[in-house]
Novice: 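Handing you this structure, nothing more for now.
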Amino acid sequence: MSSSGWETSLVGALGFWDMSDRYDPPAIEVAWQARWSQSEAYHVSNDDPRPKSYVLCMYPYPSGPAHQGHVRNYTFGDLNVRYRTMNGEAVLSPIGFDSFGLPAENAAIRTGVHPRVFTEERMAELKASLTRLGAAYDWRREIYSHDPSYIRWSQYLFLRFYQAGLVYRGDAPVNWCPGCQTVLANEQVLADGTCERSGDLVVRRELTQWFFRITRYADELLEGLEDLDWPQRVKTMQRNWIGRSVGAEISFEVDGLDDYKLRVFTTRPDTIFGATYAVVAPEHPDLERLTAPDLEERVKAFLEEVATRSELERMAGEDAGKRGVPLGTYAINPITGERIPIYVADYVLGHYGTGAIMAVPGEDDRDYEFARNFGLPVVETVARPEGFVGPVYTGPGAKINSGFLDGLSVEEAKAEVISRLEKIGAGSESVKYRLRDWLVSRQRFWGCPIPILYCQACGTVPVPDDQLPVLAPDDVEFRPTGESPLLHSDAFRLTTCPRCGGPATRETDTMDTFVDSSWYYLRFCDPFSEDRPFDVQAVEDWMPVDQYIGGVEHAILHLLYARFFTRALSDLGLAPATLKEPFKRLFTQGMIRLGGSKMSKSKGNLVTPQRYFDTVGADALRLFHLFVGPPADDFDWTDQTDEMIEGCHRFLQRVWSLADRIPVNQGEPDTGNPTYLVVHQLIARTTDGIDRWAYNTSVAALMELTNALSKAQADLVDPVTLDYGLRTLLELLAPMAPHIASELYHRRYGLDVHRQAWPKVDHALLASAMVTLVVQVNGKTRATLTIDPLAPEEVVRPLAQTAIASHLEQVKIQRVIAKLPRVMNFVVE
RNA sequence: GCCCGGGUGGUGGAAUGGUAGACACGGAGGCCUCAAAAGCCUCUGCUCGCAAGGGCGUGCGGGUUCGAGUCCCGCCCCGGGUACCA
């Protein structure tokens, strides 16, 4: 890190300066921002000798000028960067933009403006806001997803995954709008199941799509959570999302079908004596075989009805009473030999487990509901506990009505059934996951093209590395139907097969934008390489991210996909072998609400920061976001918020005027001075607040310090100690309100406050300081005493007793609980 | 339904089992001023009392403890996530 020379280029003079100028935040802030952008203060290189750390905020979708959510997020990030820097670390602090996505494409359809133009305008606005906020970045490392040099490596990685068998093509149900002839995202389907654009009824349709085989990593992704310093609830959400279930797969013979077994999955093999029917999903591949001839018509009608429902509806719909029809065939219970009817019903999902279940209405709510609808028998196989009411019991207990299992516990019975099934070859233990493979195909223009060709002769052919990036053409037409223009661009679609030289067509799907955000943090380590996605050594040097900061809305998808990418890249040798988890610590900030809902552009309830930048300044706004409450908590933007921001501004003004009143007086402070003690107590509290993400308490400590110094100044405390206190205050303030701290520090000391060491607490001094002893009678505080923390009980007790003498009259002291030097409690009768 | 969070003054919030309400916002009074703005000072949980000094208070009900906002049990309410995953 080289010196940029501006430390001495300003006012420069030590000692007094002309403070007739008032605190003018916008002027000061813009000037410092200009200096920061010219300096290399927050540029880091891989051979930096300081201990390395990596602080990253989730890179933003460029939606235009920053809103308060951005301000909050990037204020937290910047505080971390500047604080760690003052603690002697080389901090990698990059920023970029998640610049592909639907809004730009919708705007193109609406107005005809090319998504790139639309996006880059908004990127420039967001960048300007971040700069205006005063956030410190290594801008040399800026990346954005739609940059051809980023697209190139996204495609390169896609192809490596493809070659490794981690990418495949398969059929998946999608929301299809017959009117628009296109696929819709779930958000584009209205609650009544119609298309938001055309109003047509959306149907489910199987379409060939590209997938990442994330399920191969299900177990690893689950186990990897253990060691992460992440919020517990985010880890829990990921665990639930992966949804590992241990149970058994059981084969049922089907009456009249030779050489066929119906395989079901259950987590409750112990309940097999209660299985009174079986159900297959509407998508079950063997549905036709399982349907008796006389019921084909009914089944067909049912399947048509199911097809009109999107998957979302199917699961959540109001009428989600159990729907289904009997198939007219029967399965044979391998344990009991019982003959049970087979149904098709849409409460069973085709993509989970085996797509078929044995239904146990006595021990499963869903099965019970269905059984009741269809008049099917219910058998209880677990003894209900005393006092239990209700038809369905899912808890532990002794097995009943279960033949050889009777008397066993549920857990014992599970093992017993599995071993019996294995013996007779009718089943075995099985583990299933809720997690599905990651569907990455998007029928969109504004995304990273999937680098695949289809050749009549050679079939599916990956685009050779030396032909990357595959870029979408600019010369396209955006149709109001929402179809991707790539479909109609012959210039893009028609090409030559690299293998045989014959005619080929390009894949027109683009990738989910979560692909872009799954590796950007790796590219940040080395955005300079032109011949590879990133240098492995650079990644080894910086990764994992020491502190990742973002919103909880990404708790599942982004954070899971990024974890998958890191593991896969590591296994493929593209990332360091030791790198398994990308984000060591995660912090999820609370959201900002206005009028009861999340503040967001789509809700149209934004309060933009610009007017605060123009008046009270970025420092005051930053301070407000730090002060308003715990960073992890949500907060409501209300009528009072402006007054609180105003209060933060007034605080900074008091700091400014305090600096005016306290002359520069460098030297050794008086360590015996009470002011010196207060300074150290407040260094401790400020630091503690930062370390435990309680920034609101850190700000409070700085306010107290300011108040204390102000009083000390009025009381004519030793001028060197006063100067020392103010200097410390500015150092503590630097990560939070970097501009005013820089300005005052520079004016007073001619130095860059951000290059100072974070103030160190004199712990010995704090430990020896006089403390307040609470004197209680029966647990009620009756007096307080100021005592030496080391004073022994024999000394303290008489003092305490004297202080509460009036409360000890006419009573007998039974016990004295002394927890010195904090409390002494007299227990009286 | 299930899984997390969370209920503390008029408001945002603070409090390793040890003085509940730090620090702010708002409010009241005062100083400065010809006046205002700004700034500064004092007060500000409820309640009884002239005062000194009491009593009550962290959603509700129990419990543990010398001592509970904090720990345990049972409820109520609010917010978020998730939702037929067998």
Side-chain angles (χ1 to χ4, degrees), chain A residues 22 231-237 239-245 247-248 264-268 271 279 281 312 314-317 320-322 345-349 351-360 363-367 369-370 432-436 552-553 555-556 590-591 593 596 598 623-624 627-630 632-636 638-648 650-651 653-654 657 685 688-689 694 696-704 706-707 710 714 772-784 806 814-819 822-828:
Chain A
R22 297 191 62 77
Q232 205 46 247
R233 82 183 156 130
V234 174
K235 294 208 263 187
T236 304
M237 284 163 83
R239 269 188 208 109
N240 293 341
W241 190 259
I242 294 168
R244 185 175 193 269
S245 295
V264 304
F265 175 70
T266 178
T267 53
R268 293 293 303 276
T271 61
V279 186
L312 267 176
R314 171 174 156 186
M315 295 189 291
K322 301 300 174 221
D346 69 354
Y347 82 93
V348 171
L349 306 173
H351 56 74
Y352 183 79
T354 60
I357 62 159
M358 62 176 206
V360 185
E363 274 96 33
D364 184 290
D365 289 297
R366 300 154 299 181
D367 295 343
E369 207 181 323
F370 188 88
K432 302 289 183 197
Y433 300 87
R434 180 185 176 278
L435 181 70
R436 290 196 245 171
V552 242
E553 64 272 21
I556 298 173
M591 69 174 179
R593 281 187 304 244
K598 176 182 172 152
L623 214 55
F624 162 75
F627 185 54
V628 68
D633 288 6
D634 294 347
F635 81 87
D636 288 294
T638 66
D639 294 346
Q640 279 188 45
T641 302
D642 270 1
E643 284 165 343
M644 293 178 68
I645 295 171
E646 194 59 46
C648 290
R650 278 203 299 270
F651 162 65
Q653 220 151 18
R654 282 200 300 277
S657 81
R685 275 177 45 199
D688 176 61
N696 51 330
T697 64
S698 293
V699 175
L702 294 186
M703 288 173 169
E704 283 183 57
T706 303
N707 295 342
S710 184
T772 302
L773 174 84
V774 174
V775 187
Q776 300 177 329
V777 176
N778 287 345
K780 284 184 195 279
T781 300
R782 295 302 181 190
T784 58
S806 64
Q814 291 176 326
R815 280 175 74 187
V816 179
I817 313 283
K819 295 278 184 230
R822 306 224 46 160
V823 69
M824 184 166 276
N825 186 14
F826 292 83
V827 183
V828 302

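Throughout, protein chains are lettered first and strands after them, A, B, ... in sequence-line order, and every chain is numbered starting at 1. Since we're looking at a predicted model, the values are computed, not measured.
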Novice: Tell me which nucleotide, if any, is Watson-Crick or G-U wobble paired with C34(B) when both distances must be under 3.5 Å.
Specialist: none
Novice: Report which part of the nucleic acid Y433(A) touches: base, sugar-phosphate, or nothing (heavy-atom distance under 4.0 Å, all strands).
Specialist: nothing
Novice: What is the distance, rounded to the nearest whole Å, between atom CZ of F627(A) and atom P of A22(B)?
Specialist: 11 Å
Novice: Consider the side chain of N825(A), meaning its heavy atoms from C-beta on, and name the nucleotide among G18(B), U82(B), U19(B) that approaches it most closely.
Specialist: G18(B)
Novice: Which nucleotide wins on minimum distance to the side chain of W241(A), given the candidates A83(B), A86(B), U16(B)?
Specialist: A83(B)
Novice: What is the glycosidic conformation of G9(B): syn, defined as within 90° of 0, or anti?
Specialist: syn
Novice: Taking all non-hydrogen atoms of both residues into account, name the closest pair between N240(A) and R434(A) and its distance.
Specialist: O-CD, 3.5 Å
Novice: Both T267(A) and N778(A) contact RNA chain B. Which one's nearest nucleotide lies toward the 5' end?
Specialist: N778(A)
Novice: Please measure how far the P atom in C66(B) lies from the corresponding atom in G13(B), and state the result in whole Å.
Specialist: 35 Å
Novice: Any side-chain N or O of R815(A) less than 4.0 Å from the OP1 or OP2 oxygen of C66(B)?
Specialist: yes
Novice: Out of C66(B), G18(B), A86(B), which has the shortest distance to the side chain of V827(A)?
Specialist: C66(B)
Novice: Which base sits across from C75(B) as a Watson-Crick or G-U pair, both distances under 3.5 Å?
Specialist: G59(B)
Novice: Produce a footprint string for nucleotides 40-58 of chain B: one letter per nucleotide, 5' end first; B if the base is under 4.0 Å from any protein heavy atom, S if only the sugar-phosphate is, - if neither.
Specialist: S-------------SSS--
Novice: Considering every strand and a 4.0 Å limit on heavy-atom distances, what is the contact class for R244(A): base, sugar-phosphate, or nothing?
Specialist: nothing
Novice: If you check every side-chain atom of P630(A), which of G12(B), G13(B), A22(B) has the closest atom?
Specialist: G13(B)
Novice: Which nucleotide in the list A14(B), A86(B), C23(B) gets nearest to the side chain of N707(A)?
Specialist: C23(B)
Novice: Using whole Å, what does the distance between atom C1' of nucleotide A22(B) and atom CG of D688(A) come to?
Specialist: 14 Å
Novice: Are OP1 or OP2 of C23(B) and a side-chain N or O of N696(A) less than 4.0 angstrom apart?
Specialist: no
Novice: Think T641(A) has a side-chain N or O under 4.0 angstrom from the OP1 or OP2 of C25(B)?
Specialist: no
Novice: Using a heavy-atom cut-off of 4.0 Å across all strands, would you classify V774(A) as base, sugar-phosphate, or nothing?
Specialist: base
Novice: From the options G18(B), C23(B), C3(B), select the nucleotide whose nearest atom is closest to the side chain of I817(A).
Specialist: G18(B)
Novice: Would you indicate whether the side-chain heavy atoms of M591(A) and V552(A) approach each other to under 4.5 Å?
Specialist: no
Novice: So which atom in N778(A) and which in V827(A) form the shortest heavy-atom distance, rounded to 0.1 Å?
Specialist: OD1-CA, 3.4 Å
Novice: Give the intermediate values and the outcome of side chain to side chain contact (heavy atoms under 4.5 Å, CB included) for residues R685(A) and T697(A).
Specialist: CA-CA 8 Å; R685(A) 275 177 45 199; T697(A) 64; over 6 Å; no
Novice: Taking atom C1' of A83(B) as reference, at what distance in whole Å does atom CG of D346(A) sit?
Specialist: 15 Å
Novice: Using purine N1 to pyrimidine N3 plus N6-O4 or O6-N4 for Watson-Crick, or N1-O2 and O6-N3 for G-U wobble, both under 3.5 Å, which nucleotide pairs with G1(B)?
Specialist: U82(B)
Novice: Would you indicate which nucleotide in A24(B), A15(B), U19(B) comes nearest to any side-chain atom of T697(A)?
Specialist: A15(B)
Novice: Across all strands shown, which nucleotide pairs with G18(B) by Watson-Crick or G-U wobble geometry, both distances under 3.5 Å?
Specialist: C66(B)
Novice: Return the value, rounded to whole Å, for the distance between atom CG of D633(A) and atom C1' of G6(B).
Specialist: 8 Å
Novice: Examine U82(B): is either OP1 or OP2 under 4.0 Å from a nitrogen or oxygen in the side chain of R434(A)? Give yes or no.
Specialist: no
Novice: Between L702(A) and L623(A), is there a side-chain heavy-atom distance shorter than 4.5 Å?
Specialist: no
Novice: How many whole angstroms separate atom CZ of R685(A) from atom P of A15(B)?
Specialist: 9 Å
Novice: What's the gap between G69(B) and G57(B) when it is taken at their P atoms, as a whole Å value?
Specialist: 10 Å
Novice: By nearest atom, which of the nucleotides G26(B), G18(B), C4(B) is closest to the E643(A) side chain?
Specialist: G26(B)
Novice: Using the C1' atom as the point on both nucleotides, what is the distance between A68(B) and A20(B), in whole Å?
Specialist: 11 Å
Novice: In whole angstroms, how far is the P atom of G67(B) from the CD atom of Q814(A)?
Specialist: 12 Å
Novice: Between A86(B), G81(B), G79(B), which nucleotide has the shortest distance from any of its atoms to the side chain of F265(A)?
Specialist: A86(B)
Novice: Quick one: label S245(A) by what it contacts on the DNA or RNA (base, sugar-phosphate, nothing), any heavy atom closer than 4.0 Å.
Specialist: sugar-phosphate
Novice: Look through every strand shown and name the nucleotide pairing with G26(B) as Watson-Crick or G-U wobble, where both distances are under 3.5 Å.
Specialist: U44(B)
Novice: Picking from G18(B), C84(B), A83(B), which would you name as closest to the side chain of K819(A)?
Specialist: G18(B)
Novice: Minimum heavy-atom separation for P630(A) to N696(A), with atom names?
Specialist: N-ND2, 3.7 Å
Novice: If you measure from the C1' atom in G9(B) to the same atom in C76(B), how many Å do you get, rounded?
Specialist: 22 Å
Novice: Which part of the nucleic acid does R233(A) contact within heavy-atom distance under 4.0 Å: base, sugar-phosphate only, or nothing?
Specialist: sugar-phosphate
Novice: Using a heavy-atom cut-off of under 4.0 Å over every strand shown, decide if G647(A) touches base, sugar-phosphate, or nothing.
Specialist: sugar-phosphate
Novice: Could you state the atom-to-atom distance from CG of L623(A) to C1' of G12(B) in whole Å?
Specialist: 14 Å
Novice: Looking only at non-hydrogen atoms, find the nearest pair between T706(A) and F651(A) and report the distance.
Specialist: OG1-CE1, 3.2 Å
Novice: Any donor-acceptor pair under 3.5 Å joining the side chain of Q776(A) to the base of G18(B)?
Specialist: yes
